[in-house]
Protein chains: 2
Amino acid sequence: MAKITLRLIADTLGISVATASKALKDYPDISQKTKRDVKELAATLKYKPNSFAQSLRNQESKIIGLIIPEIVHHFFANIIHGVIKAAEKEGYLVITLQSDESYENEKKQIELLLEKNVDGILISLAEDTVNFKHIKAIIDEGIPVVLFDKISKLIKCSQVVIDDRKAAFEATKYLIDSGCKTIAHVRGPLKPQTTIHRFLGYKDAIEAHGMIYDKALVFEADHLSYEDGRKVAKEILASNQNIDGIFAFTDLLATGLLVKLKEAGVMIPEEVSIIGFSNWFLSKITSPTLSTVNQPGLEMGMAAFKLLFEELSNKKNKVPTEFVTVEIPTNLVIRNSTR
Amino acid sequence: MAKITLRLIADTLGISVATASKALKDYPDISQKTKRDVKELAATLKYKPNSFAQSLRNQESKIIGLIIPEIVHHFFANIIHGVIKAAEKEGYLVITLQSDESYENEKKQIELLLEKNVDGILISLAEDTVNFKHIKAIIDEGIPVVLFDKISKLIKCSQVVIDDRKAAFEATKYLIDSGCKTIAHVRGPLKPQTTIHRFLGYKDAIEAHGMIYDKALVFEADHLSYEDGRKVAKEILASNQNIDGIFAFTDLLATGLLVKLKEAGVMIPEEVSIIGFSNWFLSKITSPTLSTVNQPGLEMGMAAFKLLFEELSNKKNKVPTEFVTVEIPTNLVIRNSTR
DNA sequence: CATAATTTCGAAAACGATTTCGGTGGCTAT
DNA sequence: ATAGCCACCGAAATCGTTTTCGAAATTATG
C-alpha cells in the first residue's frame, strides 16, 4: 500500500495537487463540490499531511522544548505535566530534556532543540548557570523563550515565578499568629536566589511582628536532603534556644527535622511547630502531616506554556510581544505539624 | 542576516549545493581541499542543517514518542528520565505524553505522535486499555513500538517488564525467613495484571514454605492510596488474626498501613513487619523506614529505548527484528519496617 | 599520442505541501 | 460582438537537503 499524499488524492480525483490542497483548507476559490470530494476521499484514505513537508514550507514544527534541572522531582514533574497539558490543547507537542543542574548540559540541550527546529523553548535554569549568553543568543535568533521557577531577571523574556519572599512571610506569620515565640529558619545552600528570598520573607515577618531577628536562629543545611534535615535537627536540639517554631526551606528538610525531633522526644506540634515549603507529596504522609506552602507546579507549567504560545502567535502575526512576569499565587496548606 | 543554508555556502564558495552537501558528509568523490573549505565555512557561519528538509528527504525525524499513564509519579518519572537519557545518547529526542489511564487519550495521543512522524513509540498501557487494535495498527504501519511496565502479551512487539510474581515471592519469603508466622497480603484493585502476579507470588511463597494459604489474610484496597492503606489497617486490626507480617501491593499502601498501625499502638517491626513494593522516594522517610522491592524505573526506561533503537536500526538496514521481552531484575531493599 | 582509468564536480530529480499568479470558460451588460 | 466579470482551477516556484548519474578534467597506460 502506497503512502497517502496529496498527489495520490489529486490523481484519483483527476484534479491538481494545488486544488486538493486548497480544498482541504477551505480556500474560497474552490467549488463546494470539489471540496466535498476531496475531503471525503481524504477521510476514507485516512490522509495525514506529511508534517516534514508542512514544516519545511511553513517554517514551524509545532513542537516546543522544555529543559528542567531534574525530572524525578515532585515539583518539576508537575511542571512537565502542566506544560504538556497546556501545549496539547493548542496542538503543540513537547520535547523534554534534563540539564542535571549543569550549565554545559543546558547549552548542549538548547543546541539539540534548535537543531530540531522547535518553535520555542521553556527553561528552568540550572544551578550552575551564571552566564546567560546562551539564552540571550537564542532569543536574538528570534526563538521565543520563557523562563520559569529558576529564572534570571537579567534575561529579557517572559517569566513565570512565585513570590518566594511573600510566601515565606506568610508561612512565618502563621507560626507567629499561632503562638510561636522563638522561630528558627532552616535555609538551604546559598546558590539559588530562592534561598535568599525565603530567608528575607522569614526575616520580614519576624520584624513586622515586633520580634527581633536573631542570627542564631538561622540554620544552614548543606543540601536539601532528608538527611540534612536530621542533621540540622540535632544542631537545633543542641543549641538550647527554646525554639518552638521552624520554617524550613523545603519539605524534605522539614521532614528530616520532624522525624529527628520526634525521635528525640519532642512533641510536634505541641512543643515545636514545623512548616515546610513546596507541598510535596510526602508532606501528606509524614506523621504528623506537614504544614507547608503550596508551590503550584501544574499551574506554573501551564502559565509558562501560555506565555510562550502568545509569543508564538504574535510572532506569526508580526506583532511585537511585551515581556511579562507572571506570578503564580502560593497558598498555605495547614496540616498537623503546626498548632 | 540571512539564513545559513547549503545554497549560501555553495554560492560563496563558487561550488554547487550538491558538492557542499557531499563535502560535509565526507563523500569519497570530493577532494580534500573542497572538503576543508566547506567544513571551515560551515563552522564559521555556524551552519545547521534544516531538520525539516533532512527529515523530508530521509523519512526519519530522530524523535520518538513516549506515552505513560501518569507523569507525576515516582516510578514513571524515573522511566521518563531513563528513556530521555538513553535516547539523547543516540541522538534521539523524546516527546512525552500522558494518557491519564484512559484508552481514548491513548488513541488520540498515538495519532498526535504519528502526525509528527515520530520514528517509534514507547508505551505503558493505560488501565482502561483492553482493546489493542490501535497499537497493532501502528505496528502494522511499520512504526516500531516497545511496551513497558503495563504491557500485554497479546501484542507482538518487544517489551520490558519486571517479574512481579518472583519479586512478590522474594518479598514474602523474606517475611517468612525473618520469623513471621501469619502473613497478610494487601492487594490493589483487580484491573492491572500486576495485581494478580504479585498476589500469586505471595501465595507461592506461603505454600512453598509449608504454610497454608488463607483467603482471610488477603485484603483488597479500592485504590492504591495512602488513605486506603489506613482503611485496610483498620480492617486488619479488627480482624483479630494475629497478623505479624504484611506484604503490600505498593509503597503508598504500605505507608498508610504503617502509619495507622503505629497510631493504634502496634510496634513496627517488633509486632508486625511490613514490606512494600516499588521503592518510592517516600519509603526512605517513613518512620520506621520502609522495606520494599526496588522497581528500577530508570533501568526499565533505558532498556525500553534500547530495544526501540535496535529495531529502528534494523529497519534502516532492512533486517527483520526478533521481538524480545527483557526482564529487568528487581531487588529487595531491606530497611527498618521488617525484622 | 591516443586511449583508458581516475578524480572531481554539478544538474536534476526527488521528498510533499503551500501559495502566488495567471488562465480558462461561461456569463451578463452594453 | 465586445468588453467585463465571475467562479473555478492549475502550473510552477518554494522550502533545504540528499543522492544518483553523467560529464568534465586530470592522470595514467600502452
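Protein chains get the first letters and strands the later ones, always in sequence-line order, with residue 1 at the start of each.
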Which residues within residues 45-57 of chain A lie with some heavy atom under 4.0 Å of an atom in DNA chain D?
A:L56, A:R57

As an exercise, state the distance from CG of B:L24 to NZ of B:K35, rounded to the nearest 0.5 Å.
10.5 Å

Go through DNA chain C in 5' to 3' direction and return only the first and the last nucleotide with some atom under 4.0 Å of chain B's heavy atoms.
C:dT8 to C:dG16

Nucleotide N/O of nucleotides 23-26 of chain D paired with protein N/O under 3.5 Å:
none

Separation between SG of B:C157 and CD1 of B:I121, rounded to the nearest 0.5 Å:
11.0 Å

Can A:N117 and B:S51 be counted as having a side-chain donor-acceptor contact under 3.5 angstrom?
yes

Any chance you could lay out the side-chain hydrogen bond (donor to acceptor under 3.5 Å, both in side chains) test for B:T321 and B:E311, step after step, and finish with the verdict?
CA-CA 6 Å; B:T321 299; B:E311 202 169 331; 4.9 Å; no

Measure from CG on A:L6 to P on D:dA11 and round the result to the nearest Å.
14 Å

Would you call the rings of B:H73 and B:F75 parallel, tilted or perpendicular if under 30° counts as parallel and over 60° as perpendicular?
perpendicular

Here the distance between atom P of D:dG16 and atom CD of A:E115, to the nearest Å, is 17 Å

Take atom CG of A:D11 and atom C1' of D:dG10, then tell me their distance rounded to the nearest Å.
13 Å

Any side-chain heavy atom of B:V72 within less than 4.5 Å of one from A:H74?
yes

Under 4.0 Å between a Lys/Arg side-chain N and an Asp/Glu carboxylate O for A:D26 and A:K39?
yes

Would you tell me whether A:D119 and A:S61 have side-chain atoms, one donor and one acceptor, within less than 3.5 Å of each other?
yes

Ionic contact status for B:K136 with B:D140, cut-off 4.0 Å:
no

In terms of side-chain heavy atoms, does A:S99 have a donor or acceptor partner in A:N105 at a distance below 3.5 Å?
no

Would you list the pairs meeting salt bridge (Lys or Arg N to Asp or Glu O under 4.0 Å) in which at least one residue belongs to residues 59-73 of chain B, sequence neighbours left out?
B:E60-B:K316

Quick check: do B:L93 and A:L97 have side-chain heavy atoms less than 4.5 Å from each other?
yes

Using five base pairs at each end, measure the axis-to-axis angle across the helix from C:dC1-D:dG30 to C:dT30-D:dA1 and round it to 10 degrees.
70°

Verdict with supporting geometry, B:D37 and B:K33, salt bridge (Lys or Arg N to Asp or Glu O under 4.0 Å)
CA-CA 6 Å; B:D37 291 351; B:K33 178 179 168 354; 2.7 Å; yes

Say whether, by atom type as modelled, one donor and one acceptor occur between the side chain of B:E299 and the main chain of B:Q295 under 3.5 angstrom.
no

By a strict heavy-atom criterion of less than 4.0 Å, which residues belonging to residues 19-35 of chain A are in contact with DNA chain D?
A:T19, A:K22, A:D29, A:I30, A:S31, A:T34

With rounding to the nearest 0.5 angstrom, report the CD1 to CG distance, B:I162 to B:D149.
7.0 Å

